[in-house]
Amino acid sequence: MTDTRVIAIANHKGGAAKTTTAVNLAASLAQDGRPTLLIDLDPQGNASAWLGADAGTAGPSVFDPGHPFGSLVRASSVAGLALLPAVPSLAEAERRLAQDRSAETLLSRLMPRAALAEWRYVIIDTPPARGLLTINALAAADRSLVPVEAHIMALTGVVQILGTIRLVQESCNPALSLLGFVVCRFNTRNRHCAEVRERLAAKFPRQVLNTVVRENIRLAEAPSFGVPIAAYAPSSTGAADYRALAAEIVAMP
């Protein structure tokens with residue numbers, strides 16, 4: 001398989017539904033017949049736990065030397081979706097990366113394109129911070145998808161992540177582009193949410209995706225059952241929204 005697309009899910013602001021988007025987008029792509037790999041670069045390991053991995057289990061991280069990339073990948077709870085889980089040693093990776101002169105591109109060097117050929121999509125979940133783990137994800141990606149909470153205060157986070165994307169483009173990955181913004185936690189009965197999306201679209205008319213992810217209690221419950229929303233509550237609005245997001249991304253050139 002060729003033409004693997006690597007998408008980093010990034011936002012420096014917490015509460016943006018970043019991990020929710022990473023897990024459910026990856027699962028929707030896989031369930032639609034597109035082999036997908038989810039890489040969990042967040043030391044909290046929430047995406048890993050959601051997909052059935054014990055994030056507290058000791059083991060090497062993707063940044064530890066002497067462990068081939070493919071040996072770290074395992075099956076998830078979703079057919080067609082592979083997982084490279086977060087492990088406790090990932091929390092120390094930021095400190096160790098700071099001692100590497102070319103730290104920003106270590107992930108892309110450890111994860112050569114040939115190693116990704118069996119997957120159509122690679123989704124990278126990142127920490128909610130502008131650190132070397134997030135920068136490594138962006139340096140290894142083709143595009144970045146930015147989830148934005150439907151709240152006015154979330155717009156400040158947009159400026160921060162765009163600054164980081166530009167930094168990575170200028171310093172080590174000129175091929176990186178912005179896939180777009182997906183507005184999450186959208187309450188259809190709250191005019192404020194619509195206003196936030198309108199303001200975002202006015203400033204970035206070509207970058208705001210058509211799909212919005214509506215507020216849905218089933219999305220909050222799904223991690224407790226170790227499955228994505230499409231398996232936990234397939235008829236819910238959350239499942240419908242992430243199917244729509246996957247379809248919108250697949251349709252992009």
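What you are looking at is a predicted structure, and each value in this text was computed from that prediction instead of being measured. Every heavy atom of this structure was used, including side-chain atoms; hydrogens, water molecules and symmetry mates were not.
- Here the closest non-hydrogen pair linking Thr4 and Arg113 is O-NH1, 3.0 Å.
- Under the 3.5 Å distance criterion, with hydrogens and angles disregarded, no donor-acceptor pair is assigned to the side chains of Thr20 and Arg185.
- Within a 6.0 Å radius of CZ in Arg199, other residues, nucleotides and ligands contribute 12 heavy atoms or fewer.
- Comment: Asp3 engages Arg120 in a salt bridge, judged by a side-chain N to carboxylate O separation of less than 4.0 angstrom.
- Dense packing is recorded around CZ of Arg143, with more than 12 heavy atoms of other residues, nucleotides or ligands lying under 6.0 Å away.
- Residue Val62 is tested with Leu107, Val87, Leu106 for a side chain to side chain contact (heavy atoms under 4.5 Å, CB included); the sole match is Leu107.
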Apply the test side chain to side chain contact (heavy atoms under 4.5 Å, CB included) to residues Ile249 and Arg5: give CA-CA distance (whole Å), side-chain angles for both, the deciding distance (0.1 Å), then the verdict. CA-CA 11 Å; Ile249 289 173; Arg5 298 185 178 184; 5.6 Å; no
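- Minimum interatomic distance between Ala239 and Ala230 (heavy atoms only, all atoms of both residues): CB-CA, 4.0 Å.
- Atoms OH and CG, from Tyr121 and Leu29 in turn, are 6.0 Å apart once rounded to the nearest 0.5 Å.
- The side-chain heavy atoms of Leu167 and Arg130, taken from C-beta on, include a pair separated by under 4.5 Å.
- With respect to Thr19, the side-chain hydrogen bond (donor to acceptor under 3.5 Å, both in side chains) criterion is satisfied by exactly one of Asp40, Asp125, Asp42: Asp125.
- Between Ser144 and Leu178 the shortest heavy-atom distance is O-CD1, 3.4 Å.
- Of all the heavy atoms in Trp119 and Ala82, the pair that sits closest is NE1-CB, 3.7 Å.
- The closest donor-acceptor contact from the side chain of Asp142 to the backbone of Val6 lies under 3.5 Å.
- Counting heavy atoms from C-beta on, the side chains of Asn136 and Thr134 never come closer than 4.5 Å.
- Considering every non-hydrogen atom in both Leu72 and Ser61, the closest pair reads CD1-O, 3.7 Å.
- Below 30°, between 30° and 60°, or above 60°: for His192 and His151 the angle between ring planes is above 60°, a perpendicular geometry.
- Between Arg191 and Glu198 a salt bridge is recorded (basic side-chain N to carboxylate O distance below 4.0 Å).
- Within the structure, ring pair (Phe, Tyr, Trp, His ring centres under 6.0 Å) pairs that include any residue of residues 60-97 do not occur (at least two apart or interchain).
- Residue Gly238 comes nearest to Asn216 through the heavy atom pair N-OD1, 3.5 Å, listed as atom of the first residue, atom of the second, then distance.
- Of the candidates Thr237, Thr211, Asn24, Thr21, Tyr242 forms a side-chain hydrogen bond (donor to acceptor under 3.5 Å, both in side chains) with just one, namely Thr21.
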